[in-house]
Novice: 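The structure's right below; bear with me while I get my questions together.
Counting starts at 1 for both ligands and their atoms, following the listed order.
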Amino acid sequence: MTTILGIETSCDETAVAIVNNQTICSSVVASQIDLHKRYGGVVPEEASRQHLLTINPCIEEALTTANLTWNDIDGIAATVAPGLIGALMVGETAAKTLAMIHQKPFLGIHHLEGHIYATYLSEPNWKPPFLCLLVSGGHTSLIHVKDCGIYEQLGTTRDDAAGEAFDKVARLLNLGYPGGPIIDKLAHQGNPKRFALPEGKVSLPQGGYHPYDSSFSGLKTAVLRLVEKLKQENNEPLPIADLAASFQETVARSLTKKTITCALDYNISHIAVGGGVAANSGLRKQLQEAATKHNLTVHFPPLKLCTDNAAMIACAAGEHLKKGHISSWNLGVQSRLPITEVMTLY
Ligand code: KG4
Ligand code: ZN
């Protein structure tokens with residue numbers, strides 16, 4: 001049995017959790033959304049300052065809710081990459097300091113590996129190998145999960161991440177931040193077939209298209225042009241719900257096609273989805289239908305494990321600790337680090 005206290009501060013959530021193997025003993029998430037809303041996106045300096053204010057109460061709360069003391073903790077982990085440098089440093093410093101004081105091993109965790117581990121928390125019998133579609137505010141990746149720490153990236157985005165596209169389209173429609181949940185809600189009332197939008201394909205130098213890579217900046221521009229055209233053509237209010245539904249349907253169709261093609265090409269029968277955009281109802285519906293059609297299994301973690309949380313970080317750390325992977329006190333934070341380089345953290 002391994003009990004880990006995990007800290008996640010890579011972006012705009014201060015999160016602390018205690019996880020015993022795959023059981024969540026406590027999971028505290030203090031969201032900064034209200035702070036960043038007025039700017040329409042995350043302001044890195046504000047994020048770091050807020051993490052500093054919130055981190056200690058979150059740690060206290062995680063221990064109290066779990067009804068545990070430091071004696072019960074086997075290791076202390078924090079997200080160290082990728083993310084906002086100042087924000088990551090708050091969690092990393094807190095975790096290292098606590099690990100030194102309480103003489104516990106310290107583990108630096110890759111944020112995307114955390115998202116992969118959200119699957120194990122919600123589906124304890126889930127085992128590698130599987131394909132993970134990771135769709136968040138900063139990433140759109142298709143990852144072949146072979147074992148703890150062993151990943152192959154099969155697809156990525158060439159420009160905007162899927163969540164970023166939701167946030168940017170929501171901003172241009174004046175809907176607020178973060179855009180994903182707002183667009184998702186509006187899409188329920190709209191007609192997804194009303195506007196035909198480009199899926200965004202990535203051309204290959206030798207001709208044809210990359211089968212697994214995504215591109216969302218063209219789609220975002222197409223929505224912008226469409227909005228300008230609609231505004232010019234008539235004085236009626238914008239058909240926001242139809243625009244949201246058509247945009248969401250296009251993103252979901254594009255991600256579904258790439259994921260299913262990749263799973264079939266690599267003969268992988270299990271697909272897990274992670275990251276904030278995994279909460280999207282359009283994506284869930286399309287991917288589930290396509291997976292069923294091709295006899296593939298797809299697992300979506302519950303919504304609170306899809307968005308940023310520290311339980312997924314603690315869960316990943318537990319697996320690494322069981323394998324004897326411990327980080328050096330000299331390990332720093334990194335704004336970028338490919339998931340294929342996870343093992344450089346130990
Ligand atoms: O994984 P996450 O919480 O943070 C990052 O690591 O980026 O993902 C946040 C992203 C935001 O871009 C947000 O708009 C998007 O996930 N998101 C959604 C939904 N809920 C959150 N996108 C589409 N539909 C949703 N229901
Ligand atoms: Zn994330």
Novice: How close does the nearest protein non-hydrogen atom get to atom 13 (C) of ligand 1, and which residue and atom is it?
Specialist: D167 OD1, 3.8 Å
Novice: Specify whether an N/O/S atom of H115 falls short of 2.8 Å from the Zn ion (ligand 2).
Specialist: yes
Novice: Is there an N/O/S atom in C11 that lies less than 2.8 Å from the Zn ion (ligand 2)?
Specialist: no
Novice: Can you find an N/O atom of E13 closer than 3.5 Å to an N/O atom of ligand 1?
Specialist: no
Novice: Considering only non-hydrogen protein atoms, determine which one is nearest to atom 26 (N) of ligand 1 and report residue, atom name and distance to 0.1 Å.
Specialist: D184 OD2, 2.9 Å
Novice: May I have the step-by-step check of side chain to side chain contact (heavy atoms under 4.5 Å, CB included) for T23 and N21, ending in yes or no?
Specialist: CA-CA 6 Å; T23 305; N21 291 329; 5.6 Å; no
Novice: Strictly below 4.0 Å, N to O, side chains only: are K220 and E164 in salt-bridge contact?
Specialist: no
Novice: Measure T307 to ligand 1 on non-hydrogen atoms and call it side chain, backbone, both or neither using the 4.0 Å cut-off.
Specialist: both
Novice: Just need the protein heavy atom nearest to atom 21 (C) of ligand 1, so name the residue and atom and give the distance.
Specialist: G276 O, 3.4 Å
Novice: Counting each atom of ligand 1 from 1 as listed, which ones have a heavy atom of G275 under 4.0 Å away?
Specialist: 1 (O)
Novice: Can you measure from CD (E123) to CG (L305) and round to the nearest 0.5 angstrom?
Specialist: 12.0 Å
Novice: Taking the ring of H270 and the ring of F130, is the distance between their centroids below 6.0 Å?
Specialist: no
Novice: Could you tell me, atom by atom, which parts of ligand 1 come under 4.0 Å of a heavy atom of P178?
Specialist: 14 (O)
Novice: Using distance alone, decide if ligand 1 has a nitrogen or oxygen within less than 3.5 Å of any nitrogen or oxygen in G163.
Specialist: yes
Novice: Only heavy atoms of G138, strictly under 4.0 Å: list the atoms of ligand 1 that pass.
Specialist: 7 (O)
Novice: Just say parallel, tilted or perpendicular for the rings of F166 and F247, cut-offs at 30° and 60°.
Specialist: perpendicular
Novice: Hey, would you say the H144 and Y151 ring centroids sit under 6.0 Å apart?
Specialist: no
Novice: What are the atoms of ligand 1, with element, lying closer than 4.0 Å to any heavy atom of H115?
Specialist: 1 (O), 6 (O)
Novice: My understanding is that only one of L255, N280, T292, L133 makes a side-chain contact (heavy atoms from CB on, under 4.5 Å) with L287; could you say which?
Specialist: L133
Novice: If I take atom CG from residue L5 and atom CH2 from residue W70, how far apart are they, to the nearest 0.5 angstrom?
Specialist: 5.0 Å
Novice: Decide whether an N or O pair under 3.5 Å exists between G180 and ligand 1.
Specialist: yes
Novice: Would you say ligand 1 has an N or O under 3.5 Å from any N or O of N280?
Specialist: yes
Novice: Looking at D308, pick out the N, O or S atom nearest to the Zn ion (ligand 2) and give its name.
Specialist: OD1
Novice: Has the side chain of D167 got a donor or acceptor atom that lies under 3.5 Å from a matching backbone atom of G179?
Specialist: yes
Novice: Between E46 and R49, does a salt bridge (charged side-chain N to carboxylate O under 4.0 Å, His left out) hold up when you go through it step by step?
Specialist: CA-CA 5 Å; E46 293 270 352; R49 286 164 193 253; over 6 Å; no
Novice: Does E61 reach the side chain of V16, with side-chain heavy atoms less than 4.5 Å apart?
Specialist: no
Novice: Under a 3.5 Å cutoff, is there a donor and acceptor pairing between the side chains of K257 and T261?
Specialist: no
Novice: So which heavy atom in the protein is nearest atom 9 (C) of ligand 1, and how far is it from that ligand atom?
Specialist: G137 N, 3.8 Å
Novice: Below 4.0 Å from any atom of ligand 1, is there a heavy atom belonging to H139?
Specialist: no
Novice: Any atom of ligand 1 sitting under 4.0 Å from a heavy atom of P181?
Specialist: yes
Novice: So for H111, does at least one of its heavy atoms come nearer than 4.0 angstrom to any atom of ligand 1?
Specialist: yes
Novice: What residue and heavy atom of the protein are closest to atom 2 (P) of ligand 1, and at what distance?
Specialist: D308 OD1, 3.4 Å
